[in-house]
Amino acid sequence: MRLLKNVICLAILMVFSLIHASVSFAADSEWYWISSDDKYSKFFSMTRITTVSSQNNIPTCIEDWIKTGYAPGGAAEAISNMKLPIDDPNKLSYSLARIQINPQERTLRYMEEIFYDKDGTALYTLKYSNPIVKDINSQSFDEKFYAMIVDRVFNKGEGGRLISKDRWLTLWDNSSGDSAADTATMRQVGNDIYTWIWQENKDNAGNVSSIQFMKKQYNTKSLTANTLKYHFWSAQTGWEDRTANVTGTHSIIPESTEDVEFGKIKSYAANNPSWVFRYQLNNPTTVAQSSTAATTTTTTAPTATTSTTTSTNTTTTPTVTSPAATDVANPIGSVGPIGAPINN
């Protein structure tokens, strides 16, 4: 009888623990606020960040839960763009999503999402059997989620870079337009430098006539370039994905516009090795630091630099987070509040 009572008590305790965990998970104290605008509020969990995989003691897959709160306009947009089976936008209050991050590739994927009403009742659940891998760039709805979570693991200043005045590296600027590389997305793997470039072309009156938003790869050894992704905008066409039209890897022509861009990007990478090689498995700056430490008799512990991200209300209609353009809708993050297509 005593054993039975112990079993019953243990079962009750386990049920209570599960209920308590569920309640605490939905509680406001679980979530760290990132930012809010007229449609969405963004939060992430600082207590649920886990390393799914790693190499050489460097995390290669990071998992966490994020929370998105919906104002009426955001709820309507989410239901429409994600084709959610929710009949009334006023019912949708917030969603939770389990995401996985690859810091070496600067990508993110959604593993599952749960949509709730204001009372915490689940309205709809999505589990992705084949998660879409998303590049994180200046136009991603998920960029702040990515930066805050990665900073909790590595503390390299991802969040601070998003709001830094030095985020955009000017490549060229004249009466015909301008071009800038996003240093927040810049990373180097061996001889290859990857970055997203925002280029605006202007008409004779100085108005933006078209925009090219590109993910490019430059090789500092072979002196070649490759456009990996290419999005184009004009008032006539709106945003179009023209990645299929790019020609692939090619030699950089000396003294061409691309050569000027390559020179600026290569110089930036050479002057900021600790930034462009961050999180990489074969980081030459780490090797150099280790070699220096091995030959030094007295070492001083490095001082951690803490970056803070200030929340700002930057979403308008239409939205743009590019260096300069105005009245141009967001090309990447406009497919829903999460931006991950639903797998049918």
Side-chain angles (χ1 to χ4, degrees), residues 106 135-140 143 161-188 191-273 275-276 314 316 318-334:
R106 207 169 199 272
D135 270 293
I136 300 302
N137 55 47
S138 63
Q139 303 302 297
S140 302
E143 187 179 49
R161 181 59 60 114
L162 300 189
I163 59 175
S164 170
K165 61 182 180 61
D166 298 321
R167 173 174 182 171
W168 294 93
L169 172 68
T170 299
L171 303 177
W172 53 267
D173 186 358
N174 54 46
S175 59
S176 65
D178 55 74
S179 180
D182 185 359
T183 66
T185 65
M186 194 178 295
R187 57 190 179 84
Q188 185 165 352
N191 296 315
D192 290 312
I193 303 173
Y194 300 85
T195 190
W196 281 85
I197 293 177
W198 183 279
Q199 178 179 320
E200 297 181 356
N201 307 299
K202 299 179 181 178
D203 58 25
N204 293 332
N207 300 313
V208 176
S209 57
S210 64
I211 297 173
Q212 295 168 287
F213 187 47
M214 302 165 284
K215 181 183 181 181
K216 298 197 70 172
Q217 172 188 1
Y218 300 91
N219 188 282
T220 59
K221 186 175 182 179
S222 64
L223 306 182
T224 57
N226 185 15
T227 301
L228 302 174
K229 294 187 178 180
Y230 175 34
H231 300 273
F232 176 85
W233 175 91
S234 71
Q236 294 74 33
T237 64
W239 280 105
E240 295 180 335
D241 186 344
R242 296 187 177 182
T243 303
N245 299 332
V246 299
T247 57
T249 303
H250 59 274
S251 296
I252 299 173
I253 299 174
E255 299 185 12
S256 64
T257 300
E258 187 172 48
D259 191 32
V260 172
E261 296 178 337
F262 174 55
K264 293 283 186 68
I265 291 170
K266 183 172 64 172
S267 177
Y268 181 90
N271 291 326
N272 299 273
W275 175 253
V276 298
T314 57
T316 58
T319 301
V320 68
T321 54
S322 65
T326 56
D327 299 325
V328 179
N330 187 332
I332 305 301
S334 58

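Atom set for the values below is all heavy atoms of this structure, side chains included, hydrogens, waters and symmetry mates excluded.
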Set of residues satisfying side-chain contact (heavy atoms from CB on, under 4.5 Å) with respect to Asn204, sequence neighbours excluded = none
How about Leu171 and Val260: do any of their side-chain heavy atoms sit closer than 4.5 Å?
-> no
Residues in side-chain contact (heavy atoms from CB on, under 4.5 Å) with Val246, at least two apart?
-> Thr227, Tyr230
Could you grab the distance from atom CG of Asp178 to atom CG of Asn201, nearest 0.5 Å is fine?
-> 8.5 Å
Report yes or no: does Asn137 contribute a side-chain atom to a donor-acceptor pair with the main-chain N or O of Gln139 at less than 3.5 Å?
-> yes
Thr237: partners by side chain to side chain donor-acceptor pair (under 3.5 Å), with sequence neighbours left out | Ser234
What residues form a ring pair (Phe, Tyr, Trp, His ring centres under 6.0 Å) with Tyr218, not counting sequence neighbours?
-> Phe262
What residues, two or more places apart in sequence or in another chain, satisfy side-chain contact (heavy atoms from CB on, under 4.5 Å) together with Lys165?
-> none
So how far is it from Tyr268 OH to Ile193 CD1, rounded to the nearest 0.5 Å?
-> 11.5 Å
Mind checking what makes side-chain contact (heavy atoms from CB on, under 4.5 Å) contact with Ser267, not counting sequence neighbours?
-> Asn271
Listed partners of Asp192 passing side chain to side chain donor-acceptor pair (under 3.5 Å), at least two apart = Gln217, Asn219
Evaluate the salt bridge (charged side-chain N to carboxylate O under 4.0 Å, His left out) criterion for residues Arg161 and Glu143: first the C-alpha distance (whole Å), next the side-chain angles of each, then the deciding distance (0.1 Å), finally the verdict.
-> CA-CA 11 Å; Arg161 181 59 60 114; Glu143 187 179 49; over 6 Å; no
Sequence-distant partners of Ser209, side chain to side chain donor-acceptor pair (under 3.5 Å), two or more places apart | none
Summary of salt bridge (charged side-chain N to carboxylate O under 4.0 Å, His left out) pairs that have at least one residue in residues 241-269, sequence neighbours excluded | Lys216-Glu258, Glu240-Arg242
Could you tell me how the ring of His231 sits relative to the ring of Trp196: parallel (under 30°), tilted (30 to 60°) or perpendicular (over 60°)?
-> parallel
Name all residues meeting the side chain to side chain donor-acceptor pair (under 3.5 Å) criterion together with Asn174; count only those two or more places apart in sequence or in a different chain, and write none if there are none.
-> Ser176
Heavy-atom donor-acceptor pair, Arg106 side chain to Ile136 backbone, under 3.5 Å | yes
Answer yes or no: is there a side-chain heavy-atom contact under 4.5 Å between Ser179 and Glu200?
-> no
Atom pair OG1/CZ of Thr243 and Phe232 - distance to nearest 0.5 Å | 13.5 Å
